[in-house]
Engineer: 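Structure incoming, see below.
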Amino acid sequence: MSEKEGEKFLNLLKTDFSMKANLTENEPKLIKYWDEENIYKKILKKNKDGEVKILHDGPPYANGHIHIGHALNKILKDFVCKYHYMRGYHSPYVPGWDCHGLPIELMVRKEEKTQDLVEFRKKCREYAEKFIGVQRDEFKRLGILGDWDDPYKTMSFDYEADILKAFSEIYKKGYINKGRKPIHWCMSCETALAEAEVEYNDHTSPSIFVKFKVNGHKDLYIVIWTTTPWTLPANLAVSLHPNFVYSRVRVDKEEWIVAKELLKQSMTEMEINEYELLEDKLGSAFEGMTYRHPLLEKNCPVILGEHVTLEQGTGCVHTAPGHGQEDFEMGKKYGLEIFSPVDDKGKYTDEYAEMKGESVFHANPVIVEKLGAKGLLIKEKKITHSYPHCWRCHNPLVFRATPQWFIDTLEQNIKNSVLEATAKTGWIPGWGEVRFANMVENRTDWCISRQRSWGVPIPSLICKSCGEEFVDTAFTEQLVERIRKESSDIWFVRELDELAAGKLECPKCKSADIAKGKNILDVWFDSGVSWFAVLEGKMKESVPCEMYLEGTDQYRGWFQSSMWPSVIMRGAAPYKKVLTHGFSLDETGRPMSKSLGNVISPLEVVKKYGAEILRLWVASIDYTEDFRFSYNVLNQMTDAYKNIRNRLRFILMNLADFDPEKDVVPYAEMENLDKWAMKALHDFAASIDDAYDKYEYHRVYHGLIEFLTVTLSALYFDMIKSRLYMNPPRSRKRRSAQTAMHYILTVLLQRISPVLSFTAEETFRFLYKDKESVFLDKWFNIPAEWGEGNEKYKEAFDLRDIVLKELENRRAEKAIGLSLDAAVTIKYKKEEFKDVLELFDLKEFLIVSGVSTLCDPSMQEETRIEVTKSPGEKCTRCWNYRTDLKKGLCSDCAEQIKNWSKEDI
RNA sequence: GGGCCUCUAGCUCAGUUGGCAAGAGCGCGCGCCUGAUAAGCGCGAGGUCAGUGGUUCAAUUCCACUGAGGCCCA
């Protein structure tokens, strides 16, 4: 028989499953298929009675294209959800977008010159809508399944209404308060400015050293330095650093207090040439000391703050809680008034009657003069420094306390409840709990009011006659229902009497002359009540949900902005688990940023490599830490992907004539080697499922690669190839191997589908033309029996390693090439070792032409391996060396060919 | 400056409560095969476990400090 004819009797099957993936072309087709066939909806239907496990999406900001952080975040969420889908949980995934806020306002204002507020808000809405569309397409391109047709948007009418409903509930519980807080203020535009609207330019200010008379000591002064003399009327304290050393020095007939390290520098600046050091003391020793206010008839305290620096001045810091951020924090800490005797136009109010009506910037020389007259001014100079200016009118800004609304996060009961909820939450990784709790402990009040345009209005009312600002809960609740129908625009479109059903009245002076408040809500409040608007509202599910999953920046952001409202309103956290991921760095470990020019766009990756490669990369890394991203690492993923795909293809090829409905061999009748493979499959699946349960996808990736490369490709497939090719197609021996491969493929597809969704679906639909989707497939539970295996497996594989080593030695000597060229003799010392040798068909197990075994109790060593070139001639069909060839065929091959068309052998 | 975190082969990761000469896969080098073939198999070279000091009979593993880096604050 010629070799050509011989191939007729070999199971060398072909497959149309291509080696080349062509991801960039095929992925969009699959996405279209998922879309058109409503696969996501069908998954929900399949699992509708399953246990509820909802991952609640944190809304990205609807602005610009997605970057690698967005991609990673959404892909991780997709892993979580898809594994839930596979395991039968009810896990609807409703993506969302954060729509209000300053960045969109700023973008729109660049192009839009309209002065009309409602028109402007309309443009903002359009802008957000546009980028929701852009980002939705980009996310879908990554293969993420979810309710893309009906996502949540913080600007939808329902959502806006729910924001105010939540506001109202929190207000009724007493956790929303009025307060004051210093902010950047432009007195020529008469408007508040956000940090992003502030531009820093050089500005010349007075630079003055002033001495404050200490009470209870004769001629003792504390020396401060400031560049804003106009804030001195608002001075309420002097801050010292508790751990700095302060010196008491004699200057003329007086004694001054100055930080020791700044003593020389400040004395030079004050042009004091002669002074004498009297004493050094820690700043903490001065706590409780009081001094006489330099301008007003009152006494003020010396307080301690870590914010004090030794960069300039005297180390004794003039503190006006109404006019500086740190001063404000200190004021809060020490219970000082947030005092700011300055009005919208930048003029002193009657709280500083002495200069009422005077503009603060014109006040500087006057204040300096007053200090001089009192003998408190030590030195005045001019200083040119970087100073905040208005980005629109370019005038210098002031920092000034204004009325604001706060959520009271300092109230001890609620803080304790938040800490309790924190302890009950599962933080992944575990250190998240410490980080979150620290932030809860140390945070300040949550200021929820913004003096902006694009957002949900705070439904506060202002009494025109007495100036009282207040919230009327009945009115708020009417407003909620109006907003649900007409959007929050009605606040700006309608007059107050159109909005209020009944009569409004000032709770303080009973006046009925009321106006609408002018503040909108912080967007963190918008997204912070998404559990209320989306989980409870839109989805009709309950809180807490299974998981929030975001970057580590959200410990301060969304995790907190969600936690506080939820604890106040529901007495518990909105989530059972919080999982966080790190940030993307470039190849050298620097953060990815536009300014560094080291950004790799996920869109570019998808275009060049395919989303599957990106998904595989996400699975490969330990995302809990920051991760490096580069084309280098993507190329590695491409290689890994090819490996996976080829192994799938090999299985498909060998299953081309296998129908699981008819051809499956019962476990009990399977070959031992195939049973071993089922044991390996069982163990593999158990470890993969454990990794999925713990959200450790890099273990999924590494476990998968290890299983495919070592267990399957290098061991199992290599060993069974001959059996698959040589035995009659329907023979039990061959069907046994195919049965194993069939189960391997089934388990593999289910395990890779959350990560390699495209490839899993492609393979699944290639295999089962009549089935819809791998995600709708029933979960295959691996029989526990398969995991039992045999304790002697390990000994057999240890023996195999030794034999292979010996084969390699012969190969190096050029005695053999293919391992089938060899014959092996195994000598063993202990009789019991026979059991190990009888476990498998040794010729198949070792892939050699002949194996002989011999027990020799007199041997020193346990086993001895001898490898020789196999005697006989090479069989043209099975390539074994045999001594019984007839016409080039060995007797086994002759037998197999004889039985070729018989069934069930 | 503060809170939290990271640093193991070129890359991505393992290394349970301190204990055999620190492992895997990929990549790289060399070889085999040509019935998984723009595939498959084998072998090999790569690490002062960021650095220093300490605790201990023994430290990649515990402690302290230093360095590099990240997120969030100030």
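Quick caveat: nothing in here was measured; it's all calculated off a predicted structure. Just so we're on the same page: letters track the sequence lines, and every chain starts at 1.
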Engineer: Please pick, from B:U12, B:G35, B:C13, the nucleotide with the shortest atom-to-atom distance to any side-chain atom of A:His698.
Structural biologist: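 So the side chain of A:His698 is nearest to B:C13.
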Engineer: Check for a donor-acceptor pair, side chain of A:Trp617 on one end and backbone N or O of A:Leu72 on the other, with a separation under 3.5 Å.
Structural biologist: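 No: the side chain of A:Trp617 does not pair with the backbone of A:Leu72.
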Engineer: Counting side-chain heavy atoms from C-beta on, which of B:C5, B:G25, B:U12 comes nearest to A:His702?
Structural biologist: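 Of all the options, the side chain of A:His702 is nearest to B:U12.
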Engineer: Any chance you could list the contact pattern along nucleotides 36-44 of chain B? Use B for base contacts, S for sugar-phosphate-only contacts and - for none, protein heavy atoms under 4.0 Å, 5' to 3'.
Structural biologist: BSSSSSSSS
Engineer: Show your working on ring pair (Phe, Tyr, Trp, His ring centres under 6.0 Å) between A:Phe717 and A:Phe650 and close with a plain yes or no.
Structural biologist: CA-CA 9 Å; A:Phe717 291 167; A:Phe650 180 74; 5.1 Å; yes
Engineer: Report, as a single string ordered 5' to 3', how protein heavy atoms within less than 4.0 Å touch nucleotides 69-74 of chain B: B base, S sugar-phosphate only, - not at all.
Structural biologist: SSBSSS
Engineer: Between A:Gln738 and A:Asn654 (side chain of the first, backbone of the second, donor and acceptor by atom type, cut-off under 3.5 Å), is there such a pair?
Structural biologist: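 At least one qualifying donor-acceptor pair exists.
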Engineer: So if I take every side-chain heavy atom of A:Val434 and compare against B:U34, B:G25, B:C4, which nucleotide ends up nearest?
Structural biologist: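 Taking heavy atoms from C-beta onward, the closest nucleotide is B:C4.
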Engineer: Mind checking what makes salt bridge (charged side-chain N to carboxylate O under 4.0 Å, His left out) contact with A:Arg810, not counting sequence neighbours?
Structural biologist: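 Checked A:Arg810 against salt bridge (charged side-chain N to carboxylate O under 4.0 Å, His left out); matches are A:Glu806, A:Glu813.
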Engineer: Is A:Tyr701 stacked against the base of B:G25, taking the criterion as centroid distance under 5.5 angstrom and interplanar angle under 30°?
Structural biologist: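 According to the criterion (under 5.5 Å, under 30°), no, A:Tyr701 does not stack.
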Engineer: I need the CD1-C1' distance between A:Ile705 and B:C11, as an integer number of Å.
Structural biologist: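 Rounded to the whole Å, the gap is 13 Å.
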Engineer: Quick one: do A:Lys733 and A:Asp841 make a salt bridge, cutoff under 4.0 Å?
Structural biologist: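 A:Asp841 and A:Lys733: not salt-bridged.
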Engineer: Need one value for A:Lys14: base, sugar-phosphate or nothing, where a base atom within 4.0 Å counts as base even if backbone is also close, heavy atoms only.
Structural biologist: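 No contact at all - A:Lys14 keeps every heavy atom at 4.0 Å or more from the nucleic acid.
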Engineer: Taking A:Glu808 first and then A:Lys805, would you say they form a salt bridge - that is, a charged N and a carboxylate O separated by under 4.0 Å?
Structural biologist: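 No.
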Engineer: Look at the side chain of A:Gln636 and the base of B:C11, then say whether one donor and one acceptor between them are separated by less than 3.5 Å.
Structural biologist: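 Answer yes: a donor N or O sits under 3.5 Å from an acceptor.
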Engineer: How is A:Met719 classified with respect to the nucleic acid when contacts are heavy atoms under 4.0 Å: base, sugar-phosphate, or nothing?
Structural biologist: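 Nothing, no heavy atom under 4.0 Å.
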Engineer: Do A:Lys77 and A:Asn73 meet the criterion of a side-chain donor-acceptor pair at a distance under 3.5 Å?
Structural biologist: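 On atom types as modelled, these side chains qualify, holding a pair under 3.5 Å.
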Engineer: Would you say A:Ser561 and A:Trp446 make side-chain contact, with heavy atoms under 4.5 Å?
Structural biologist: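 Yes, side chains in contact.
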Engineer: Should B:G69 form a Watson-Crick or G-U wobble pair with both distances under 3.5 Å, which nucleotide is its partner?
Structural biologist: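 Base partner found: B:C5.
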Engineer: Nearest to the side chain of A:Glu706, which nucleotide is it out of B:A24, B:C26, B:C4?
Structural biologist: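 Nearest listed nucleotide: B:A24.
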Engineer: Pairing check on B:C33: which nucleotide meets the Watson-Crick or G-U wobble criteria with it, both distances under 3.5 Å?
Structural biologist: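 Pairing partner, where one exists within any strand: none, as none qualifies.
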Engineer: Can you label the angle between the A:Phe797 ring and the A:Phe840 ring as parallel, tilted or perpendicular, going by 30° and 60°?
Structural biologist: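 The rings of A:Phe797 and A:Phe840 stand perpendicular, inter-plane angle above 60°.
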Engineer: Could you please name the partner base of B:A45, counting Watson-Crick and G-U wobble pairs only when both distances are under 3.5 Å?
Structural biologist: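 No nucleotide pairs with B:A45.
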Engineer: Would you mind pulling out the nucleotide paired to B:U61, Watson-Crick or G-U wobble, both distances under 3.5 Å?
Structural biologist: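 Across all strands, not a single nucleotide pairs with B:U61.
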